[in-house]
Novice: 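Sharing a structure below in structure tokens format, with a few things to ask.
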Protein chains: 2
Amino acid sequence: MSDEIRRSMPLFPISIVKSLTDLSARQIRYYEEHDLVHPARSEGNRRLFSFNDVDRLLEIKALIEKGINLAGIKQVLSMQEAPENEPMNQEQVEEIHNDLSEKELRRMLQQELLTAGRHGKSSLRQGELSRFFH
Amino acid sequence: MSDEIRRSMPLFPISIVKSLTDLSARQIRYYEEHDLVHPARSEGNRRLFSFNDVDRLLEIKALIEKGINLAGIKQVLSMQEAPENEPMNQEQVEEIHNDLSEKELRRMLQQELLTAGRHGKSSLRQGELSRFFH
DNA sequence: TTTTTATGTAAGATTTCTTAACATCCCTTG
DNA sequence: CAAGGGATGTTAAGAAATCTTACATAAAAA
């Protein structure tokens, strides 16, 4: 409920998002230009990304790494947003299954990376996050 | 486990921390100058705050609003960091009790505001309290 | 009263971000 | 093969954010 609020709260400048996603600023801006993400803006017109935005960029990246082009990614993402419509054919079902497991992987990453909560220490550095994707 | 890593990961520029804590930049820098927080720095020397840092600033703010001066706050915070030392007298115990409830309130806010993760709500940590009660 | 504490404000330097343009490389497709 | 489009890199110029330092000040402490 208020999860959505937390997750959509504009928090991160592009520099942080770069390091979190391992995407270039150019890529991030390009994806925005093509309507794949919609970060908020500061008063001074700086991009401010939410957890959801970072999330989305990680999805995009995973799909890119699968060789899907931006048009395809846009399609996939739009399907995620409105998943309960007309009945689907087999291909679509598979697509969504893939997407969902992708999403679960993302969630694991998300948990690893961003979830609040305390205590314990293992060391996990940025490069290793890519082990969740290929 | 990797909680501590997430929570100590440098993510936020001072502008975001200002809005998250409702402290002025001057205050935040002043508290740093007096060793109450220790945000990381970017390559270009910009402050980068972690969730823990924000957390800490919210504690500081709550203590400030109670009328406690920086020396007192520093004391309180240091006690939180190394709580398992010499036995305490009654006043100290009460101080910590107050502090802990303060801390729990903060955590609730924190949960509301910043916690990632969609299902389930983690709540009180018995582990932390058990240090003081057994 | 004098000093200290906590904060505000201003100036000037530095860093980060923005958009826009042009370059490059790799696919398609005719 | 050549031409075109897609995705990304690179660079430039300017705007915005942040940094440190210094000075100002109200309230609290001494």
Side-chain angles (χ1 to χ4, degrees), chain A residues 9-50 53-54 56-78 126-127 130 133-134, chain B residues 9-51 53-54 56-78:
Chain A
M9 189 173 230
L11 292 176
F12 309 113
I14 199 169
S15 54
I16 295 295
V17 176
K18 276 173 52 178
S19 70
L20 250 31
T21 61
D22 207 31
L23 292 167
S24 70
R26 181 67 165 97
Q27 287 178 296
I28 296 169
R29 296 195 189 106
Y30 187 73
Y31 302 154
E32 181 191 21
E33 190 181 343
H34 289 274
D35 273 334
L36 298 183
V37 269
H38 307 94
R41 296 287 180 135
S42 74
E43 277 194 15
N45 198 38
R46 260 104 201 247
R47 271 166 267 253
L48 288 179
F49 297 78
S50 66
D53 292 327
V54 174
R56 198 161 235 256
L57 285 170
L58 289 171
E59 292 190 58
I60 292 169
K61 188 188 181 192
L63 294 171
I64 287 272
E65 284 166 358
K66 277 188 182 175
I68 303 174
N69 67 11
L70 291 211
I73 294 173
K74 187 182 284 191
Q75 177 64 34
V76 170
L77 293 182
S78 72
Q126 238 154 214
S130 58
F133 308 104
H134 54 281
Chain B
M9 188 173 235
L11 293 175
F12 309 112
I14 200 169
S15 54
I16 295 296
V17 176
K18 277 173 51 178
S19 69
L20 251 30
T21 61
D22 207 32
L23 293 167
S24 70
R26 181 66 165 99
Q27 285 177 296
I28 296 169
R29 296 193 189 107
Y30 187 73
Y31 301 154
E32 182 191 22
E33 189 181 344
H34 289 274
D35 273 333
L36 299 181
V37 269
H38 307 94
R41 296 288 179 132
S42 75
E43 277 194 13
N45 197 38
R46 266 84 234 272
R47 269 165 268 252
L48 289 178
F49 297 79
S50 66
F51 280 110
D53 292 327
V54 174
R56 200 158 230 260
L57 285 169
L58 289 171
E59 293 190 59
I60 292 169
K61 189 187 182 192
L63 294 170
I64 286 273
E65 283 165 357
K66 277 189 180 172
I68 301 174
N69 67 11
L70 291 211
I73 293 173
K74 186 182 286 193
Q75 177 63 34
V76 170
L77 294 182
S78 73

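Per chain, numbering begins at 1; letters A, B, ... match sequence-line order.
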Novice: Using the test side chain to side chain donor-acceptor pair (under 3.5 Å), find all partners of B:Ser19 that sit at least two apart in sequence or belong to another chain.
Specialist: none
Novice: Which residues satisfy the side-chain contact (heavy atoms from CB on, under 4.5 Å) test with A:Thr21, sequence neighbours excluded?
Specialist: A:Val17, A:Leu23, A:Ile28, A:Val54, A:Leu57, A:Leu58
Novice: In the structure I gave you, are the side-chain heavy atoms of A:Leu20 and B:Leu11 within less than 4.5 Å of one another anywhere?
Specialist: yes
Novice: How would you list, by chain and number, every residue that makes a side chain to side chain donor-acceptor pair (under 3.5 Å) with A:Ser50, sequence neighbours excluded?
Specialist: A:Asp53
Novice: By salt bridge (charged side-chain N to carboxylate O under 4.0 Å, His left out), which residues pair with B:Glu65, not counting sequence neighbours?
Specialist: B:Lys61
Novice: Considering non-hydrogen atoms only, spot the tightest contact between A:Pro13 and A:Leu48 and give its length.
Specialist: N-CD2, 4.4 Å
Novice: Quick one: how far along DNA chain D does chain B reach, first to last nucleotide 5' to 3', anything under 4.0 Å to a heavy atom?
Specialist: D:dA17 to D:dT20
Novice: Please write out each protein N/O paired with an N/O of nucleotides 12-16 of chain C under 3.5 Å, distance rounded to 0.1 Å.
Specialist:
unit_1, atom_1, unit_2, atom_2, d
C:dT14, O2, B:Arg46, NH2, 3.0
C:dT15, O2, B:Arg46, NH1, 3.3
C:dT16, OP1, B:Ser42, OG, 2.9
C:dT16, OP1, B:Gly44, N, 3.2
C:dT16, O2, A:Arg46, NH2, 2.6

Novice: Find the distance between CG (A:Leu77) and CZ (A:Arg56) and round it off to the nearest 0.5 Å.
Specialist: 4.5 Å
Novice: Could you tell me which residues satisfy side chain to side chain donor-acceptor pair (under 3.5 Å) with A:Ser24, sequence neighbours excluded, listed by chain and number?
Specialist: A:Gln27
Novice: Would you call the rings of A:Phe12 and B:Phe12 parallel, tilted or perpendicular if under 30° counts as parallel and over 60° as perpendicular?
Specialist: parallel
Novice: Working to the nearest 0.5 angstrom, can you tell me the gap between A:Lys66 NZ and A:Ile64 CD1?
Specialist: 12.0 Å
Novice: With sequence neighbours excluded, tell me which residues meet side-chain contact (heavy atoms from CB on, under 4.5 Å) with B:Glu32.
Specialist: B:Val37, B:Pro39, B:Arg41, B:Arg47
Novice: Please report, rounded to the nearest Å, how far the P atom of C:dT7 is from the CG atom of B:Asp22.
Specialist: 13 Å
Novice: Which ones in residues 24-32 of chain B lie close to DNA chain C, meaning a heavy atom under 4.0 Å from one of its atoms?
Specialist: B:Ser24, B:Arg26, B:Gln27, B:Tyr30, B:Tyr31
Novice: Produce the list of close N/O pairs, under 3.5 Å, pairing protein atoms with atoms of nucleotides 1-3 of chain C; give distances to one decimal.
Specialist:
none

Novice: Just to verify, what does B:His38 make a ring-ring contact (aromatic ring centres under 6.0 Å, His included) with, not counting sequence neighbours?
Specialist: none
